Amino acid sequence: MSEGLLQIGATLVLMVAIVPFFGAYMARVFQGQSTWLDAVFVPLEGLVFRLGGVEPERQMDWWEYARAVLVSNIAMFVPVFAVLLFQGSLPLNPNNIPGMSWDLALHTAISFLTNTNQQHYSGETGASHFAQMVCFQYLMFTSAATGLSVGIAFIRGVLGRPLGNFYVDLTRSISRVLMPVAGVFAVVLLSQGVPQSLSGIAEAGLVEPYQTTTDGKTETVTTQKLLTGPFASMESIKELGENGGGSYGINSAHPYENPNPLTNLLEILLLLAVPTSLIYTFGVMAGNTKQGWVLFGMIFLLFAGLTGTAAVSEYFGNPAVNALLGSANANFEGQEVRFGWAQSALYATATTSTMTGAVNAMHDSLTPLAGGVALFNMCLQVIWGGQGTGIAYILVFLIIAVFLTGLMVGRTPEIFGRKIEQREVALASIIFLVHPIIILIPTALAVGIPGIAANSNPLYHGLSQVLYEYASAAANNGSGFEGLGDNTPWWNLSASVVLLAGRYLPIVALLALAGGLQRKVPVPETPGTLRTDTVLFGTVTAGTIVILGALTFFPAFALGPIAEYFANLAGKTF
Amino acid sequence: MQVRNKPVRPVDAAVRSDLKRRKVDQSGLYSRAIAEAFVKLNPLTLYKNPVMFVVLVGTVITLALTVNPDLFGDLPDSTRLLNGLITAILFLTVLFGNFAEAVAEGRGKAQADALRRTRQDTSARRVLPDGRTEEVFSTQLRKGDVIQVVAGDLIAADGEVLEGVASVDESAITGESAPVIKEPGSDVASTVTGGTRILSDALLVRVSSNPGEAFIDRMIALVEGARRQKTPNEIALTVLLAVLTLIFLIVVATIPPMANFVGAPVSIAALVGLLVALIPTTIGGLLSAIGIAGMDRVAQFNVIATSGKAVEAAGDVGTLILDKTGTITLGNRLADEFIPVGGHSLGRLAQAAWAASIFDTTPEGKSVIKLATAQGAAGGYDPQGAAGIEFTAQTRMSGTDFGDGRRVRKGAVDAVKRYVQAQGGAAGSAELDGAVERVSRLGGTPLAVSDGTEIFGIIYLKDIVKPGIRERFEELRRMGIRTIMLTGDNRITASVIAGEAGVDDFIAEATPEDKIRVIRESQEQGKLVAMTGDGTNDAPALAQADVGVAMNSGTQAAKEAANMVDLDSDPTKLIDVVTIGKQLLITRGALTTFSIANDVSKYFALIPAMFAAAGIGALNIMALTSPQSAILSALIFNALIIPALIPLALRGVEFRPLSADRLLTRNILIYGLGGLVVPFVGIKLIDIVVTAVGLA
């Protein structure tokens, strides 16, 4: 076990090491300071702004910013939806993949638009090369940039600065952050064996031909069909942009998406890079890196604890299976067998905590506790959280924590010198309220209306599957527990509603909250001011996150993963 | 700025509040509150409290399930007994919440009744335009009427003195037993308050308010809570509590399909019980009581707040603007030191000073006697045939002419110099000028003392800073509150007092315009400002300040502009008001935190009990006897915690002037951690009792 835990620990050390550099770089980018790519990008961006008719110096108020987000996202959605519907008759479709049904196309387009990448189709058989490039890879950049821009605008508002200009933020997110990093790592992944090709299915001779018997007829298989595509460029932004949509149905468990231990490590670091570093970016922008580290530290501890729980649970596996096989830890079903239980557990926690949703193991096969950890991550959506939205949700939790406990120092609670009053509480509450509504109500409907769920499992695990599907959609994560027959109008449409509500309601509320805070007259800091950059307050905030998150989802968890855990312990089979 | 003599009072708040606490009739408070708790069950009023409204709706549902346990189909554990018990506990929960509010209101009403006793329907002599008088009821008086009051009358209405000088007993309002003089013309002494009694002479008063609108009527209405509006912070908190309630409603409402799906169906009564246990009933039941009690605590300090908002704002105050005289200093300069000149001994100077003051009854004179006596210098002059020479604005000195012809004087230095010169003495000396300068530099007032043709030396009169005030300012600084002293004195004098009192800043030679300017500057920096005032020229500043406390001895204009009126006219009380404001916010935050932290243990009690069929019995870490006893125990705890916390809600969480971090640590440990742990113990104990009485 120690070897696996050591792997996890080393990965976390590398993750932390990246944070100050990447975080400081993003702070420079979004504060308009000079960076080393200026020579290339300043003229390029200037051209983009001129072509798009954007006045880069013009500040937007919160409603303009929100409108720009919505309008631009609708404009991105329409062509993508059309391409998915008609991909069968469009070019670059060597494998003759047909157009999607309208409900699947709708769900898929919305899913990629919302930075979720929940897939009710199977990557290599459901989308043409053309769709992979102009739909998915395109939206992987723009949806990540949308989230990043909103997160930065929210940080600016909380700190009392003008929110900025959405189109400028969107452009710079892509040109300064996503494109350079994703570009470099696409080449690295390419060098490790991830394909980048526009050709159709290739056939390769097997080194060891084998025999197979079907319907009494024995034949010798000598070749293997290899399905490739423009995948290296997709893989890097899939991770960096917290997108998670796989080129292949089985995502990063496929050797062409994730060929070796090095790519596995790089992918984990890439998917964690932006949300972890943004916390530090916030500290830099606030002129208080201690505040950044306090928030980072509290989330890190929660993350480390959850990862440890998942890892240990995966290590011990299912006691019933272990007893059958007479082995202490024989947990291999659904695991990333090439890299072992630790990498499966780490990847699963990292991908669900960051709202990436890429997987290198079958989450349906995770032990109840590890699956519960993945589910819990998506229910909280702050243990790192989504691209840009993660830091925003962390700050919303900070605001709620300040409001609840800040009264106890005898003043109207204030955050960074701005009073938290009715409007702030109402908006924070909306952000808060949306999540349980769009997870619990669809789950109740899906399991309550007979015949809809179409689960592969009964009882507790069946409930977890449904809960996971909606939590993943609501948190814009996109990973699946799978085991659901999910390409049906019910799943496509209900998940689409959840995806949209989980993305745009909070974004509008976040921007409104930021806009309101920005307009307030700041209260000067005195010894009577509650400090939020202390270990004490970090602890209080972590407590608020865990208690409020747990209170909201505990009953559902008790009936899903927790009940399954106890059933497992008791050696029950279904 | 005019300087007035203000009453001298000990600073210690606790002592004062004990002395001053108005006698309030508390008898029957609880029985009335119990009756009121039932009246408040009316859904039309209860809906304003979303948390308690949900509990009431839940009670109706469980009541229906008691009548027909199979109302929602045949579900496990839906027995008539359990449903009936749940109904009873939920009903009690609502009642306890109502009771808390009723008790708080009742205490306010008792305060109001005490005030109202001064408000019996009195008769008044209205002066007609032709000069004749007629007897009318006070209720018939209108603004602008002129009434005549003579010794022994209760003054029938608020008004302004037009004619006459009289002493008035205002103890009914202020608790101050010494009568005050009322006469026309001056700011302070020319207003009378309805309900006070004239003790001597007669006054002609112009009525300044219509019946029911008088100052005291407004006070009664406010104290009773009749016009109580939710404060901004209370509204924000109510929003959060409503959202939490909504979240738990969704959580609980989505349980049945999930529970059925996994084959562990739950009874509706148990679900209602879970909902009620989870929603923040504790703070929901106590929230308005906390607000009312805050106003009431201010009232117990003999300060009437015109709104809860003002009390809340007091907690947020970042700048206190205080008049020097009467607030920071005692208001009178007292002899602090004798400085002999011209080769005279200290003892000789003290003797002369004593001799010059034996007929002086002013505080300054008395302080000279005291200081001289303390130095053993009393006597040395033959009092036979001595006569006092009074201070006048022309001579600017006072003294004593003794029978043996010795003339002793003390007074303004130049006046005494001229007097001595006129008697044929020397015009003064460099030594004298040096002593005078030293005293001036220290911010004191020098008085020269002469006997015959010789100046013996200087008395150093010092502005005395109130005992304990420095420590209060120190506390305020630790709370992050800046104090600014305003004074009409010159810079030197002001800086000495400012340094001695430990204020953060001072404005010398201040005018009323300065007050407004300082307030605006602070407000532009985002600070809330509190100040006291009493004169008409303070009114604009009082209106501008976030917390303006007018002295009851002040003018009507000042009282109208302020949002609090101090019946004792004690400016130091501003500091206590700030403390009460903070205490109000802390109490609200502490009970909210406690209420939410409680939910953790309730989950551990209820979820394993309700979902026993799902095999999660191992989560029953409290080892509660049975699912039924678990549900009952959690709900009983949930109900009982409300009355258990009523005293805390009414009294307020103890406030200590600590830094924000230390306060937070302390309160998080008590109410956050306590809120997590206490219910585990409480629910377990109740479970033992429930088991013992056979309800498990």
Side-chain angles (χ1 to χ4, degrees), chain A residues 400 403-413 417 420-422 424-426 429 432-433 436-437 440-441 443-445 447-448 453 459-460 462-463 467 521-524 526-531 534 536-537 540 543 547-548 550-556 558-560 562-563 566-567 570 572, chain B residues 232-233 235-236 239-240 243 246-247 250-255 257-264 278 312 315-316 318 477-482 525-527 581-583 585-586 588-590 592-593 596-597 599-600 603 607 611 614-616 618-619 655 659-661 663-665 667-668 671-672:
Chain A
I400 297 273
F403 183 76
L404 283 177
T405 57
L407 279 174
M408 285 194 287
V409 303
R411 280 166 60 134
T412 301
I420 304 172
E421 289 163 308
Q422 188 188 351
E424 288 68 48
V425 173
S429 300
F432 226 22
L433 194 55
I437 285 182
L440 293 176
I441 290 180
T443 302
L445 288 176
V447 299
L459 295 178
Y460 316 130
L463 178 64
L467 198 59
V521 181
V523 182
T526 69
T529 307
L530 178 69
R531 297 194 64 89
T534 58
L536 169 70
F537 207 80
V540 169
I547 289 183
L548 286 182
L551 288 182
T552 312
F553 293 102
F554 189 66
L559 292 171
I562 296 176
F566 284 117
K572 266 193 217 161
Chain B
N233 175 260
I235 294 171
V239 169
L240 188 73
V243 168
L246 191 56
I247 287 180
I250 292 164
V251 168
V252 172
T254 53
I255 286 178
M258 294 192 222
N260 292 341
F261 183 79
V262 302
L278 292 181
E312 200 174 279
D316 279 346
R477 197 166 304 115
R478 256 180 286 151
M479 284 149 55
I481 296 172
R482 234 169 87 85
Q525 293 165 17
K527 287 183 179 170
K582 287 194 175 295
Q583 209 183 16
L585 292 172
I586 293 175
R588 209 179 272 154
T592 304
T593 308
I596 292 173
D599 279 2
V600 174
Y603 261 141
I607 294 289
F611 300 152
I616 55 169
L619 284 183
F655 174 73
S659 72
D661 277 354
L663 258 183
L664 183 70
T665 314
N667 288 329
I668 280 282
Y671 299 98

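Only heavy atoms go into these numbers, but all of them, side chains included; no hydrogens, no water, no symmetry mates. As the structure is a computational prediction, the values presented were derived from the model and not from experiment. Per chain, numbering begins at 1; letters A, B, ... match sequence-line order.
With rounding to the nearest 0.5 Å, the separation of OG1 in T534(A) from CG in D661(B) is 5.0 Å. The CG atom of L664(B) sits 11.0 Å away from the CG atom of L407(A) when rounded to the nearest 0.5 Å. Going from atom OG1 of T412(A) over to atom CG of D316(B) covers 3.0 Å, rounded to the nearest 0.5 Å.
Of all non-hydrogen atoms in L463(A) and M258(B), the two that sit nearest each other are CD1-CG, 3.7 Å. Across every non-hydrogen atom of G448(A) and P257(B), the tightest pair is CA-CB, 3.9 Å. Between S429(A) and L240(B), the closest heavy-atom pair is OG-CD1, 4.0 Å. Of all non-hydrogen atoms in L551(A) and D599(B), the two that sit nearest each other are CD2-CB, 3.5 Å. Between A426(A) and V239(B), the closest heavy-atom pair is CA-CG1, 3.9 Å. In plain terms, the two heavy atoms of L440(A) and T254(B) that are nearest each other are O-CG2, 3.5 Å.
Proximity to chain A is limited to the backbone of R477(B), based on heavy atoms less than 4.5 angstrom apart. With a 4.5 Å cut-off on non-hydrogen atoms, A556(A) touches chain B through its backbone and its side chain both. Residue contact with chain B, scored on non-hydrogen atoms closer than 4.5 Å, involves the side chain of V521(A) exclusively. Within the 4.5 angstrom heavy-atom criterion, only side-chain atoms of T592(B), from C-beta onward, approach chain A. Contact of I481(B) with chain A is not made at all, since no heavy-atom distance falls under 4.5 Å. Neither the backbone nor the side chain of F553(A) has a heavy atom closer than 4.5 Å to any heavy atom of chain B. The parts of T552(A) that come within reach of chain B are both its backbone and its side chain, each placing non-hydrogen atoms under 4.5 angstrom from that chain. Both the backbone and the side chain of L559(A) come within contact range of chain B, each with at least one heavy atom under 4.5 Å from a heavy atom of that chain. If you measure heavy-atom distances from P522(A) to chain B, the contacts under 4.5 Å come from the backbone alone. Residue I400(A) touches chain B through its side chain alone, counting heavy-atom pairs closer than 4.5 Å.
Comparing I235(B), L246(B), L585(B), V251(B) by how many heavy-atom pairs each has under 4.5 Å with chain A, the most go to L585(B).
Annotation: side chain of P524(A) is in contact with side chain of K527(B) (closest heavy-atom distance under 4.5 Å).
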Checklist line | Derivation of the side chain to side chain contact (heavy atoms under 4.5 Å, CB included) call for L619(B) and F566(A) | finding: CA-CA 10 Å; L619(B) 284 183; F566(A) 284 117; 3.9 Å; yes
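Looking at residues two or more places apart in sequence or on another chain, you find no salt bridge (Lys or Arg N to Asp or Glu O under 4.0 Å) involving R478(B).
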